[in-house]
Structure formats: structure tokens, C-alpha cells
Amino acid sequence: MNLAIAALLAGVALCAGQYLIWMYAPIEMTMGLVQKIFYVHMPMAAWAMISFFVVFLASAAYLLKRDIKFDYIAGAAAEIGVVFSGLALVTGSIWGRAAWNVWWTWDPRLTTTLIMWFVYAAYLVLRTSPMSAERRSLVCAVLGVVAFVDVPLVFYSARLWRSVHPNVIGAKGGGMEPEMLTTLLVNLAAFGLFWLVLLLVRYRQVRLSGQLDAKMVWDQD
């Protein structure tokens, strides 16, 4: 895929998404303007979980094939997932302050999401640990597979336990007005394009960094 074209499409889609948020979607009667955080919060949370699913797939592929490109993909996806899930926690906290009058509550969805963030942040720390490149890739791949256990738990936590977190994805679309649902879907697609561009860019950077490190080791030998 041409990266420049993908980046242009992502930029246009993000602008269209913002237009729909502020000019098309109606203002929610109870919470007012602060509810519009939802159209950014939900896509970032969704694509964070998709990022961690990519980490899981790439890590499993590395364990099976020992191809370093899968390690690079896992690392790139993990970085994006940690950023997106961190921003989802921050925007959710701002939204929660307006909706629940608290910045944080130990709700099942919020708690499992915070645990997920810490686990994958630890994964990124492990990727910088001082060990041989092959051993580090192997250990990270194992953690990348095991860490994914928490991701489905985050998704289903609001259904498994009593939660104050709204269940947006449901049989009736979470009770949203058509304009709200359209705005949400457009922003999901826009953030998806943005996510793809970030993944491609970061993968290329990590791959080049790995090649440079390998060349430095070769020159020292």
C-alpha cells in the first residue's frame, strides 16, 4: 500500500469524522457537549484492542516460524495499542467525571482496561531489555500471546459483571440515534485508517532499526 495515499485518506477521514462530531451528531440531552468525547473515546478503545489482537497473532506467528518480521509487527502494534488504550483511559476519565461525578471508579471495564494497559506497557519495557535479540524476541512473543488473555476480558467485562460502563455494542445499537450511530461508524473507520498508517510507519521504522543493529553487530564481529 502506498503510504502517502493511505496517510492522505486517513487525514481526510479524520477531518470528516470531526465534522460529523461537531456539526452533524445531535447534542445528547443529559450530558450535553461532553458526550461527544464518546466518538473519539470508543474508536481509540476499539482499535487498541485490535492492536493487541495483532500483537497476539504476530507473536504466535513468530513462535511458529521464527521470522523476525513478525516480531517487528508485534512491537509496532503494541506501541500503538498502548498509546490508544492510554488515550481511551484519559478521555474516558474526562467523560466519567461529567457522567458519574468522579474521575475514576473501580468498575470492571475500567479496571480490566487499566490492567491491560499495564501488561502491554510492561511488554514494551521488555522489548528494550538487555538480552540477545533472538532471546528477547522469543520472550516477547511468549508474553504477547499470554497477555492477550486480558483483552477478551475487557470486552466482556461489562456483560459478565455489574458495570456502570455503557454497553454500546448491542442488538439495538446501544439505543443511539441514527445520526449518532453514523458519526460513530465514520470515526471508527477514520481511526482505523489512521491506525493502519501508524502501523505501517512504525513497522518500517522498527525493521530499519533492527537491520541497523544487526549490521552494527556484524561490523563489530
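Computed over heavy atoms, backbone and side chain alike; hydrogens, waters and symmetry mates excluded.
- M116 places a side-chain heavy atom less than 4.5 Å from the side chain of V151.
- A side-chain donor-acceptor contact under 3.5 Å links H41 to the backbone of A88.
- Residues S59 and F70 are not in side-chain contact: their nearest non-hydrogen atoms beyond the backbone lie 4.5 Å or more apart.
- Side-chain contact check for R109 versus V154: some heavy-atom pair is nearer than 4.5 Å.
- Contact between M31 and W95 at its shortest, heavy atoms only, is SD-NE1, 3.1 Å.
- The ring-ring contact (aromatic ring centres under 6.0 Å, His included) analysis of residues 125-147, with sequence neighbours excluded, yields no pairs.
- Considering CG of L208 and OH of Y203, their distance stands at 9.5 Å, rounded to 0.5 Å.
- Qualifying ring pair (Phe, Tyr, Trp, His ring centres under 6.0 Å) partners for F84, counting only residues two or more places apart in sequence or in other chains: none.
- Residues V82 and V125 are members of separate hydrophobic clusters, defined by side-chain heavy-atom contacts under 4.5 angstrom among Ile, Leu, Val, Met, Phe, Trp and Tyr.
- Applying the side chain to side chain donor-acceptor pair (under 3.5 Å) rule to R66 yields no partners; only residues at least two apart in sequence or on another chain are considered.
- With sequence neighbours excluded, no residue satisfies side chain to side chain donor-acceptor pair (under 3.5 Å) with T111.
- Shown here are the salt bridge (charged side-chain N to carboxylate O under 4.0 Å, His left out) partners of R207, two or more places apart in sequence or in another chain: there are none.
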Show which side-chain atoms of residues 183-193 pair as donor or acceptor with protein atoms under 3.5 Å away, not counting sequence neighbours.
{"residue": "T183", "atom": "OG1", "partner": "E179", "partner atom": "O", "Å": "2.8"}
{"residue": "N187", "atom": "ND2", "partner": "G17", "partner atom": "O", "Å": "3.4"}
{"residue": "N187", "atom": "ND2", "partner": "T183", "partner atom": "O", "Å": "2.8"}

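- Contact annotation: the side chain of L3 approaches that of V197 to within less than 4.5 Å [non-hydrogen atoms, C-beta and beyond].
- Note that CD1 of I37 and CZ of R97 are 12.5 Å apart. Values are rounded to the nearest 0.5 Å.
- Atom CG of L9 is separated from atom CG of L14 by 11.0 Å, given to the nearest 0.5 angstrom.
- Atom-to-atom distance recorded for M180:CE and I27:CD1 is 9.5 Å, nearest 0.5 angstrom.
- Legend: residues meeting side chain to side chain contact (heavy atoms under 4.5 Å, CB included) with V90, ordered by chain and number and at least two apart, are I94.
- Taking 4.5 Å as the limit, every side-chain heavy atom of L198 sits out of range of all side-chain heavy atoms of R202.
- Distance check: L124 CG to S129 OG gives 11.5 Å after rounding to the nearest 0.5 Å.
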Stepwise side-chain contact (heavy atoms from CB on, under 4.5 Å) test for Y39 and L20: CA-CA 10 Å; Y39 301 113; L20 291 179; over 6 Å; no
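- Using a 4.5 Å heavy-atom cutoff, the side chains of D71 and R127 are in contact.
- Residues V139 and V146 share a single hydrophobic cluster, defined by chaining ILVMFWY side chains whose heavy atoms lie under 4.5 Å apart.
- Within the structure, ring-ring contact (aromatic ring centres under 6.0 Å, His included) pairs that include any residue of residues 117-150 comprise F52-Y120, F53-F148, F56-F148 (at least two apart or interchain).
- At least one side-chain heavy atom of V40 sits less than 4.5 Å from a side-chain heavy atom of I21.
- Considering every non-hydrogen atom in both V145 and A60, the closest pair reads CG2-N, 3.8 Å.
- Taking CG of L110 as the reference point, atom CG of L89 lies at 7.5 Å (rounded to 0.5 Å).
- I68 is listed as a side-chain neighbour of Y72, based on a closest heavy-atom distance under 4.5 Å.
- With sequence neighbours excluded, no residue forms a side chain to side chain donor-acceptor pair (under 3.5 Å) with W47.
- L87 is linked by a side chain to side chain contact (heavy atoms under 4.5 Å, CB included) to M44, V83, counting only residues two or more places apart in sequence or in another chain.
- Listed by first then second residue, pairs satisfying salt bridge (Lys or Arg N to Asp or Glu O under 4.0 Å) with a partner in residues 28-39 number zero, not counting sequence neighbours.
- For the residue pair A78 and V55, the shortest heavy atom distance occurs at N-CG2, 3.4 Å.
- Residues L126 and M131 share a closest heavy-atom pair of CD1-CE, 4.4 Å.
- Summarising the local packing, CZ of F194 is surrounded by 12 or fewer heavy atoms from other residues, nucleotides or ligands at distances under 6.0 Å.
- For Q18, the side chain to side chain donor-acceptor pair (under 3.5 Å) partners two or more places apart in sequence, or in a different chain, are W22.
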